[in-house]
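The block underneath contains the structure these notes are about, expressed in structure tokens.
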Amino acid sequence: MSQVRTAVLPVAGWGTRFLPVTKSVPKELLPLLDRPCVDYIVTEAVEAGIERIILVTARGKDSLLDYFDRFPELEARLKAANKHELLERVMEAAHKAEIISLRQPEMLGLGHAVLCARAAVGEEPFAVLLGDDIIFSDKPVIGQMIQAYDEAGGDKAVVSLMEVPLEQTRRYGICDGDWLKPGLMAVKEMVEKPEPSEAPSTSAIVGRYVLPADIFSILETTRPGRGGEIQLTDALATLANAQRVLGYVFDGERHDTGNVLGLLRASLFAAARRDDLREDFLAILDEVHSLLR
Ligand code: G1P
């Protein structure tokens with residue numbers, strides 16, 4: 001059994017790319033078909049053996065917790081109406097994992113959000129999953145990474161890696177180092193969102209991490225970096241200097257659901273894969289095509 005049983009989900013962001021809807025709906029509750037985005041993230045973690053989910057939230061985002069709570073009145077009604085399948089779907093989220101919520105009082109960056117979870121995590125290795133990256137895969141990506149973490153001896157951080165076009169490096173944490181074998185990098189250098197001219201490589205971090213507990217003491221002394229925020233990438237760069245970061249090229253189809261077109265794209269791919277939706281969905285696509293012609 002892996003020691004990694006806790007996942008931290010930083011969900012405090014304002015979702016400005018989705019305004020105005022995010023005035024009153026947390027972006028993590030925006031739907032990808034019939035489930036909110038955050039449900040896909042929690043499901044990935046749970047399928048990887050994670051038992052405790054720590055949501056790092058903020059003011060105005062309490063409805064996120066309602067989603068993971070029971071709803072006895074609704075459940076009773078569905079039961080009385082013999083809507084058992086629907087009842088199961090409604091109850092599923094509340095039974096997935098132990099959900100712990102705490103607040104990030106100020107928006108001081110991803111590194112700070114993770115640091116806020118310190119007391120709740122304790123002295124254990126843990127996973128971090130960012131809600132904007134939804135990844136469809138046969139085996140949960142965070143599970144692939146926990147395996148890599150365990151195989152490496154349980155002392156090294158593991159970050160997920162993906163190749164990106166050079167002009168996109170300014171959107172990601174970028175890693176460089178030595179390839180130990182195909183798909184596994186001993187990371188030597190990490191830079192948060194470099195300009196293409198300054199990027200050490202095109203190997204970008206997507207939002208999945210497995211971290212040893214001592215990242216917290218590093219975060220505590222990490223100075224604000226890119227954008228004046230405390231960056232997780234900068235804290236990890238300190239670990240990389242001590243040869244304690246691995247880059248793992250994951251197996252899966254990643255979607256950036258942090259912007260309108262990215263969420264639309266993810267929805268289209270998800271619909272194409274759903275047996276109960278595919279046929280009607282294809283008919284809609286034909287209609288859209290003829291509109292564009
Ligand atoms: C964060 C991280 C960045 C990483 C990215 C992945 O940035 O700071 O290193 O590459 O997530 O999605 P954000 O996109 O939250 O600004």
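As the structure lists them, so they are numbered: ligands from 1, and atoms in each ligand from 1.
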Output for ligand 1, non-hydrogen cut-off under 4.0 Å, lists L110, L130, D133, Y172, G173, E192, K193, I205, V206, G207, Y209, Q231, T233
Closer than 4.0 angstrom, basic N to acidic O: yes or no for D34 and R274?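 A salt bridge links D34 with R274.
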Go through L246 and V187 one step at a time and tell me if the side chain to side chain contact (heavy atoms under 4.5 Å, CB included) criterion holds. CA-CA 6 Å; L246 294 173; V187 177; 5.8 Å; no
Of the non-hydrogen atoms in F126 and A213, which two are nearest, and what is the gap between them? CE2-CA, 4.5 Å
Run the salt bridge (Lys or Arg N to Asp or Glu O under 4.0 Å) test on R89 and E85 for me, step by step, so that the C-alpha distance in whole Å, both residues' side-chain angles and the decisive distance to 0.1 Å come before the verdict. CA-CA 6 Å; R89 269 194 267 161; E85 205 197 313; 3.7 Å; yes
Any chance CZ of R35 has more than 12 other-residue heavy atoms, nucleotides or ligands included, within less than 6.0 Å?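 Counting neighbours around CZ of R35, more than 12 heavy atoms of other residues, nucleotides or ligands fall under 6.0 Å, so yes.
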H289 NE2: over 12 foreign heavy atoms closer than 6.0 Å: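 Count not over threshold, so no.
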